[in-house]
Amino acid sequence: MARIRPLLLVHYHELGLKRGNRPLFLRHLARNLRRATADLGRGPLRQVSGRLLLDLEGHPDAAAIQDRARRVCGVASVALAYRVVSTVEAMKAVIASLVEGRSFASFRITARRAFKTYPMSSVELNRELGAFVLERVTTRVDLRNPELEIHVEVMPAETFVYVDPVSGPGGLPVGASGTVAALLSGGIDSPVAAWRMMKRGCRVLFVHFHSAPYLPATSQAKARALVGVLTQWQYDSKLALVPFGEIQREVVLTVPPPARVVVYRRLMVRIAEALARKHGALALTTGESLGQVASQTLSNIARIDDVAGMPILRPLIGMDKLEITEEARRLGTFEISIEPDADCCTLFVPKHPATRMTEHEVAAVEAGLEIPRLVAAGCDGASVEAFEFPTGDAGEPATA
Ligand code: ATP
Ligand code: MG
């Protein structure tokens, strides 16, 4: 049999998708799949009952395209699949070429029919194709824990046969849920929080507060590197770099040490919110996890929320540091986050920050600050940089 060329078969979870949302979901998913593979020279994308198919047109590096596609949010799994006509003979021919020269102690056939009028049931297909494999290879059937699983998906006009699908992130395609502004420090948590929001379909605007010239510019370099990594999931990003050192210096003049962390955070939120509005974002997101550090007690979180005019989403609130760290490693942000730097949180930060402050107490210590002027200074002083993936033009100044 002439070797046939694989296509990329993309599955997404339809479960939980409301009927009316499905076309929007698919439009975003298809656009992101095209975008993620744009530079690799593949063929067109089409839709077949609950799946997307990307024509690889004989691309020499199918695995590279699969690797890009598996990162697209909304994708449940991706496989290099062989397309044949829906006859048992054609299915056998492709299975023969898939198992040829391969040794596996056990296997199973997993046949599925996307339409029920096909003359054979999936059980009958499993039996017939399984018997065919047993004739050719010394192996055994194991339905529970097979070493090789051969998938056969019968569609009305064609059948797809594949092995070794790889899982994607699941979730929703970036762009389907609107935009959020993520407060991105150089730490481990906030990049993971931003990614979690992408996975729920959000486009993320990154906002980083730095203390140059009071501290070296390393925190900005880390923020850029982190945004560079995270842009792999949303294809283009903007990073707003906000000068915060001068603002902190003013806070230090009038606010007693224990209250400073909460006051800094409230100023960050006000500035981030102003930037969010400017860029069309509807919510903020942070890497806070309940009780992890002094600023993340319930009452401090309440004091931070007091000044926010839009929701602050905290996707890591119930996660342990260990779980967050594992996710950061998977994403490839961990190595960047652990590089030593002095971010603005290390500048003018008290040894013993207050863990409990009332609304009244915070208002009293903030009375000596000209909040609107400080917020305007942060917002107007922000410089915005643009990032792109796959082209990798990191760090170019944005036009907006
Ligand atoms: P992270 O690991 O994300 O730095 P953290 O455990 O260090 O978090 P905090 O320092 O209390 O916790 O920061 C809480 C959140 O506030 C961060 O997750 C981030 O969203 C935001 N944040 C803190 N510092 C900055 C900064 N310099 N620029 C932007 N956002 C910041
Ligand atoms: Mg931090």
Side-chain angles (χ1 to χ4, degrees), residues 180-197 204-212 214-224 226-227 230 238-248 251 260-276 281 283-301 303-305 307-308 311-317 319-329 331 333-350 353-355 378-379 381-383:
V180 299
L183 282 82
L184 185 78
S185 68
I188 295 168
D189 305 333
S190 44
V192 175
W195 185 80
R196 283 281 173 120
M197 296 314 299
V204 173
L205 163 74
F206 296 96
V207 182
H208 174 71
F209 295 85
H210 65 83
S211 300
Y214 297 97
L215 288 174
T218 41
S219 83
Q220 293 173 72
K222 279 177 80 174
R224 285 189 189 103
L226 289 168
V227 173
L230 292 169
K238 281 182 186 165
L239 166 65
L241 295 161
V242 182
F244 201 61
E246 195 56 46
I247 295 171
Q248 285 181 289
V251 170
R260 283 177 198 164
V261 171
V262 169
V263 171
Y264 294 152
R265 206 64 89 224
R266 282 159 63 101
L267 282 163
M268 284 186 187
V269 161
R270 290 175 176 113
I271 295 166
E273 183 179 332
L275 289 167
L284 303 179
T285 188
T286 72
E288 286 158 309
S289 149
L290 190 62
Q292 196 188 83
V293 290
S295 59
Q296 297 172 20
T297 60
L298 270 185
S299 64
N300 279 348
I301 285 176
R303 294 299 76 78
I304 294 165
D305 281 2
V307 297
I312 302 180
L313 305 174
R314 298 178 169 93
L316 311 187
I317 198 73
M319 285 175 79
D320 296 342
K321 194 74 187 185
L322 207 66
E323 296 171 286
I324 299 170
T325 301
E326 270 170 25
E327 192 147 300
R329 281 185 198 278
L331 296 174
T333 55
F334 181 78
E335 294 303 324
I336 302 167
S337 294
I338 58 171
E339 273 175 34
D341 83 301
D343 87 341
C344 65
C345 296
T346 58
L347 183 69
F348 312 130
V349 165
T355 51
C379 194
S383 62

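What you see below is based on every heavy atom in this structure, not just the backbone, and it leaves out hydrogens, waters and symmetry mates. Atoms within a ligand are numbered from 1 in the order they appear, just like the ligands themselves.
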Side-chain H-bond candidate by donor/acceptor type, Thr355 with Thr297, under 3.5 Å: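 No - no donor-acceptor pair under 3.5 Å links their side chains.
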
Are any of the side-chain heavy atoms of [X] and [Y] separated by less than 4.5 Å?
| X | Y | value |
| --- | --- | --- |
| Ile317 | Ile301 | yes |
| Leu226 | Ser337 | yes |
| Gln220 | Leu239 | no |

Looking only at distance, does [X] have an N or O less than 3.5 Å from an N or O of ligand 1?
| X | value |
| --- | --- |
| Pro191 | no |
| Ile188 | yes |
| Phe209 | yes |
| Ser185 | yes |

Going by the atom numbers of ligand 1, which of them fall below 4.0 Å from some non-hydrogen atom of [X]?
| X | result |
| --- | --- |
| Leu184 | 28 (N), 29 (C), 30 (N) |
| Gly187 | 1 (P), 2 (O), 4 (O) |
| Thr286 | 20 (O) |
| Leu183 | 19 (C), 20 (O), 21 (C), 29 (C), 30 (N) |
| Val207 | 29 (C) |
| Gly287 | 17 (C), 18 (O), 20 (O) |

Considering [options], which one's heavy-atom position lies nearest to [atom]?
| atom | options | value |
| --- | --- | --- |
| atom 13 (O) of ligand 1 | Lys222, Arg265, His208, Gln220 | Arg265 |
| atom 3 (O) of ligand 1 | Pro353, Ser190, Ala194 | Ser190 |
| atom 12 (O) of ligand 1 | Gln296, Glu288, His210, Arg314 | Gln296 |

For side-chain contact (heavy atoms from CB on, under 4.5 Å), just list the numbers for Val204 and Leu230, CA-CA rounded to whole Å, side-chain angles, deciding distance to a tenth of an Å, and then say yes or no. CA-CA 10 Å; Val204 173; Leu230 292 169; over 6 Å; no

Stepwise side-chain contact (heavy atoms from CB on, under 4.5 Å) test for Lys321 and Ser289: CA-CA 8 Å; Lys321 194 74 187 185; Ser289 149; over 6 Å; no

